[in-house]
Protein chains: 2
Amino acid sequence: MSIAIENFVKAIYKNGKRDNNDTKPGNIAKELGISNAAATDMAKKLAVKDLLHYKKYQELKLTDKGTKMALNVVRKHRLWEALLFKLFDLSLHDIHREAELLEHQTSDLLANKISEYLGNPKFDPHGDPIPNAKGEITTTDTSISLSNAKEGKTYVISRLMSDDKEFFDFCAQHGLKYGNTILVSKQFSKNKMTQTLINNNTILLNKDFTSIIYVNEHH
Amino acid sequence: MSIAIENFVKAIYKNGKRDNNDTKPGNIAKELGISNAAATDMAKKLAVKDLLHYKKYQELKLTDKGTKMALNVVRKHRLWEALLFKLFDLSLHDIHREAELLEHQTSDLLANKISEYLGNPKFDPHGDPIPNAKGEITTTDTSISLSNAKEGKTYVISRLMSDDKEFFDFCAQHGLKYGNTILVSKQFSKNKMTQTLINNNTILLNKDFTSIIYVNEHH
DNA sequence: AATTAATTTTAAGTAAACTTAAATATTTTA
DNA sequence: TAAAATATTTAAGTTTACTTAAAATTAATT
């Protein structure tokens, strides 16, 4: 299967996992940087290949086969991130960018070798779970999105769920790093803004960011 | 530049380095598993991009720009081979196959990180030189092709210059491994057959094989 | 609920990287 | 060196993964 197909299936999988859960062609198109028309075209094509269910104007839903493919790509992506993170001094953003390419050129054999070398890790440096060779995911992730965090509570950042350079630059700048502790000082439920305290600095995060930053309660 | 272009330029580079030195479209096409027509097409296209010189019915000659690109791809290929060889328990053939894909999805930054991690090696597990970031190659390779070896002399295998699975399987089976010692017991100059002694086993190699097995004199 | 706005789909078209078949040129060899 | 064999080129066509523009449908808003 082609890189375009792998990326398409992966985008649906990831979008389906998010808050909004919008897997209509337009959303996938935006994610992949292609036109809506191209996304519709591809959706029809993949329906024929039994990778997804397609009904006009409806959400795209992966079949079992499509989900399996998405999980396989995600597995390779996260294994590469874990390996590159371990071996080289590169930023999480750089590592993500490399993994984004390598994931499509990696045999199952090599993926297994990488996993074995790393001691079969269950989470990548972003805190995201790494599916195993069968596509199974460890779901003991108790984290919640920062947009659902409670005022006055302290949390530990467990995932920075994004591929966007700007986002990672922003994170690096403000101490929003995997494992760091933050205090949610104020939560504006209406427009989903969140005011947090990190290293004694108060920062305001809008919904775009709070919905992709995941945290665990700090005990 | 696309994968197809990178592979095309690499094939010319490699063919130009070999005995025959035949870089006409047909030969490149054979190497890449595409039709002659496709190779001619591509050659014309790359001439426009100033990657090679094209004249009808003549050999294809890389420009400086083309050579640079080829060396960059070769560098990435060999760095991947060296890294995978070091980290994982995989056959040279498997490693070659993975590197063949990864080489096109590797940023210069990552290539440099791999090189640094490995201690900036000058040769890969095949014994082939690894160009540095500037495209310079260490040419202190004193090895000769087995077809030019002398009767009665002992040699150390320094390169197995191939991408072919069958060849590597044959090598593995007969102890033709990087670093192993062999005795050339008889050399048939006419048809270029070579009779060698490896681990007390006599084997006969034809020209196809002796021209791609490189050796250094054993002292 | 009706109109406007936004999205999705259809239709038509493009570029890259191929293919096969036929025409043309070059090599080989008898 | 002329004929036969081989290789290269041209021409026409295919597939994949897009594009833009217009038509159809759904969603939002007042």
Side-chain angles (χ1 to χ4, degrees), chain A residues 1-12 15-16 18-62 66 69-70 73 100-101 103-105 190-192 207, chain B residues 1-12 15-16 18-62 66 69-70 73 100-101 103-105:
Chain A
M1 294 286 177
S2 71
I3 294 175
I5 292 177
E6 287 190 350
N7 278 331
F8 199 86
V9 161
K10 191 179 75 167
I12 297 172
N15 255 27
R18 278 211 250 293
D19 284 348
N20 39 352
N21 205 57
D22 188 348
T23 58
K24 285 190 185 157
N27 241 288
I28 306 303
K30 211 161 101 187
E31 179 112 355
L32 296 173
I34 61 176
S35 69
N36 288 7
T40 301
D41 257 25
M42 184 61 106
K44 282 184 187 168
K45 211 175 81 182
L46 297 197
V48 174
K49 287 185 194 284
D50 191 35
L51 289 168
L52 52 80
H53 299 295
Y54 175 73
K55 265 191 199 167
K56 271 191 184 184
Y57 303 105
Q58 310 275 100
E59 307 248 322
L60 305 176
K61 291 220 170 62
L62 292 178
M69 177 184 277
V73 178
E100 201 69 15
L101 299 176
E103 65 185 12
H104 305 293
Q105 307 293 169
K190 180 96 184 267
N191 50 13
K192 294 272 187 169
K207 193 200 158 195
Chain B
M1 294 285 176
S2 71
I3 294 175
I5 292 177
E6 287 190 350
N7 278 331
F8 199 87
V9 160
K10 190 179 77 166
I12 296 171
N15 256 28
R18 279 212 249 294
D19 285 348
N20 38 354
N21 206 59
D22 187 348
T23 58
K24 283 187 184 159
N27 241 290
I28 305 303
K30 210 162 99 188
E31 181 111 355
L32 297 175
I34 61 177
S35 69
N36 288 6
T40 300
D41 257 25
M42 184 60 107
K44 282 184 188 168
K45 210 174 83 181
L46 298 196
V48 174
K49 288 185 194 285
D50 190 35
L51 288 168
L52 53 80
H53 299 294
Y54 175 72
K55 265 192 199 166
K56 271 191 184 186
Y57 302 105
Q58 309 275 99
E59 308 247 324
L60 304 176
K61 291 220 168 63
L62 292 177
M69 178 184 278
V73 178
E100 201 69 14
L101 299 176
E103 65 187 11
H104 305 293
Q105 307 294 169

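We name chains A, B, ... by the order of the sequence lines, and we start the count at 1 in each one.
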K.L.:
Decide yes or no for V73(A) and V9(A): does some side-chain heavy atom of the first lie under 4.5 Å from some side-chain heavy atom of the second?
P.N.:
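No, too far: nothing below the 4.5 Å cut-off.
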K.L.:
In this structure, how many angstroms lie between the P atom of dT16(D) and the CG atom of L46(A), rounded?
P.N.:
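For the pair L46(A) CG and dT16(D) P, the rounded distance is 12 Å.
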K.L.:
Quickly work out the K55(A) NZ to dT9(C) C1' distance and round it to whole Å.
P.N.:
17 Å
K.L.:
Mind checking side-chain contact (heavy atoms from CB on, under 4.5 Å) for K45(B) and listing every partner two or more places apart, or none if nothing turns up?
P.N.:
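With neighbours one apart ignored, the set is M42(B).
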K.L.:
To the nearest angstrom, how far is I28(A) atom CD1 from dT9(C) atom C1'?
P.N.:
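Value for this atom pair: 16 Å.
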K.L.:
Base, sugar-phosphate, or nothing for F8(A), non-hydrogen atoms under 4.0 angstrom?
P.N.:
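The residue F8(A) makes no contact with any strand.
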K.L.:
Does anything in residues 1-10 of chain B pair up under side-chain hydrogen bond (donor to acceptor under 3.5 Å, both in side chains), and if so which pairs, sequence neighbours excluded?
P.N.:
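For residues 1-10 of chain B, and leaving out neighbouring residues, the side-chain hydrogen bond (donor to acceptor under 3.5 Å, both in side chains) pairs sorted by first residue read E6(B)-H104(B), N7(B)-H104(B), K10(B)-E100(B), K10(B)-E103(B).
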K.L.:
Going by side-chain contact (heavy atoms from CB on, under 4.5 Å), name the residues that satisfy it together with A37(B), two or more places apart in sequence or in a different chain.
P.N.:
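Counting only residues at least two positions away or on another chain, A37(B) forms a side-chain contact (heavy atoms from CB on, under 4.5 Å) with S35(B).
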K.L.:
With Q105(B), which residues qualify under side-chain contact (heavy atoms from CB on, under 4.5 Å), at least two apart?
P.N.:
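Q105(B) satisfies side-chain contact (heavy atoms from CB on, under 4.5 Å) with I3(A), L101(A), L102(A), Q105(A), I3(B) only.
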K.L.:
At under 4.0 Å between heavy atoms, which parts of nucleotides 16-28 of chain C does protein reach? Answer with one letter per nucleotide, 5' to 3': B base, S sugar-phosphate only, - none.
P.N.:
SSBBB---BSSS-
K.L.:
Just jot down the side-chain contact (heavy atoms from CB on, under 4.5 Å) partners of K44(A), sequence neighbours excluded, or say none.
P.N.:
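T40(A), Y54(A).
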